[in-house]
Every structure is written in structure tokens, then in C-alpha cells.
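The structure under discussion appears below in the form of C-alpha cells.
Residues: numbered from 1 along the sequence shown.
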Amino acid sequence: MTNEETVAAIVRVVRTYVTSMTAGDRQGLERVFFENASEVGHYQGELLWNSRDGFIRMCEEAADGSTDPAWTIRNLSVHGDIAVVHVEDDWAGMRFDDILTLLYHEGAWRIVSKAFRIQP
């Protein structure tokens, strides 16, 4: 896979992540997250540490399929079969900084973990 192909594949994963998160699309999120992935950050003043399925449930509850989510990749770094992506996105009326760690495994990039912060 060339560098351009790698970046394009990672961008597709990020697009699926953001659109599936906003729409509450369980199948899309399960496709881009490893089963044992986690989500960590401060939410409503508390430390939130979700499993993949806990995160997906939150997305399903806050789903808004009528919106076209705003998002942009602020930084993308690839080191062999791992990648780190800083994504700025909107979800449930809030603007987030998401740091996604991805691993290339069995021919596909998938998310291993997500750390987030809500922008002030």
C-alpha cells in the first residue's frame, strides 16, 4: 500500500467513524472499531471510560440522522501498521477533539482507542 493509499484508507475510516457516530449507526461503528476498543475522556465533569459497545449505545441514544456532521482531520501520523489521527468533529451539539489510534490488521485499518476532549 502506498503512502497515498494508506492515507486515503485512514480517511475513509475516519469518515465512517464520524458519520456513523452522528447517525447512531451501530454496524458502521462496529466495522471501524476493534471489539475491545475503548473511549476515554471527560464528559459532563466526570471521567468517562467506555467500552466500544458503551460508546455505540451513547451514539445510538444521541443519533441525529438529519445532520451532515462537520469534521476535519487536524493531524495524521502513520508509523508502519499504526496510525494516530486528531479529528475535530461535532457530536450532540458539542465540538470535540478526538485522538484516534488505529492499527492495520488483516488488510484493514481499524480504531483501537479514542481519547477525547470537549472544546470550550
Closest approach of [X] to [Y] (non-hydrogen atoms, all atoms of both residues):
X: Ser20; Y: Gly28; value: OG-CA, 3.5 Å
X: Ala92; Y: Ala62; value: CB-CB, 4.2 Å
X: Gly24; Y: Glu60; value: O-CG, 3.6 Å

Does the side chain of [Y] come within less than 4.5 Å of [X]'s, by heavy atoms?
X: Leu100; Y: Ser113; result: no
X: Asp90; Y: Met94; result: no
X: Phe116; Y: Val40; result: no
X: Leu29; Y: Cys59; result: yes
X: Tyr104; Y: Val78; result: no
X: His42; Y: Arg117; result: no
X: Asp53; Y: Ile56; result: yes
X: Asp81; Y: His105; result: no

(message) Are Tyr17 and Val7 connected into the same hydrophobic cluster when the rule is that any two of I, L, V, M, F, W, Y join if their side-chain heavy atoms are below 4.5 Å apart?
(response)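 Looking at the clustering, Tyr17 is in the same group as Val7.
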(request) Group every Ile, Leu, Val, Met, Phe, Trp and Tyr by side-chain heavy-atom contacts under 4.5 Å, then state whether Ile99 and Trp49 land in the same group. (result)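 Unlinked, Ile99 and Trp49 end up in two clusters.
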Rounded to the nearest 0.5 Å, what separates atom [atom1] in [X] from atom [atom2] in [Y]?
X: Lys114; Y: Phe33; atom1: NZ; atom2: CZ; result: 6.0 Å
X: Thr6; Y: Trp109; atom1: OG1; atom2: CH2; result: 6.0 Å
X: Met21; Y: Met58; atom1: CE; atom2: CE; result: 10.5 Å
X: Leu103; Y: Ile111; atom1: CG; atom2: CD1; result: 12.0 Å
X: Leu48; Y: Ser38; atom1: CG; atom2: OG; result: 10.5 Å

(request) Decide yes or no on side chain to side chain contact (heavy atoms under 4.5 Å, CB included) for Ile82 and Leu102, but give the supporting numbers first. (result) CA-CA 6 Å; Ile82 59 172; Leu102 292 85; over 6 Å; no
(request) Identify whether NZ of Lys or CZ of Arg in Arg110 sits under 6.0 Å from the centre of the six-membered ring of Phe34 and within 45° of that ring's axis. (result)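 Pair Arg110/Phe34 counts as cation-pi.
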(message) Taking Arg57 first and then Glu61, would you say they form a salt bridge - that is, a charged N and a carboxylate O separated by under 4.0 Å?
(response) no
(request) Could you tell me how the ring of Phe96 sits relative to the ring of Trp91: parallel (under 30°), tilted (30 to 60°) or perpendicular (over 60°)? (result)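 Perpendicular, since the angle between the ring planes exceeds 60°.
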(request) Taking atom types as modelled, find out whether Asp98 and His86 have a side-chain donor-acceptor pair closer than 3.5 angstrom. (result)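 The criterion, which ignores hydrogens and geometry beyond distance, is not satisfied for His86 and Asp98.
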(message) So for atom CD, which belongs to Glu35, do other residues, nucleotides or ligands contribute more than 12 heavy atoms lying within a distance under 6.0 Å?
(response)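 At most 12 heavy atoms, drawn from other residues, nucleotides or ligands, come within 6.0 Å of this atom.
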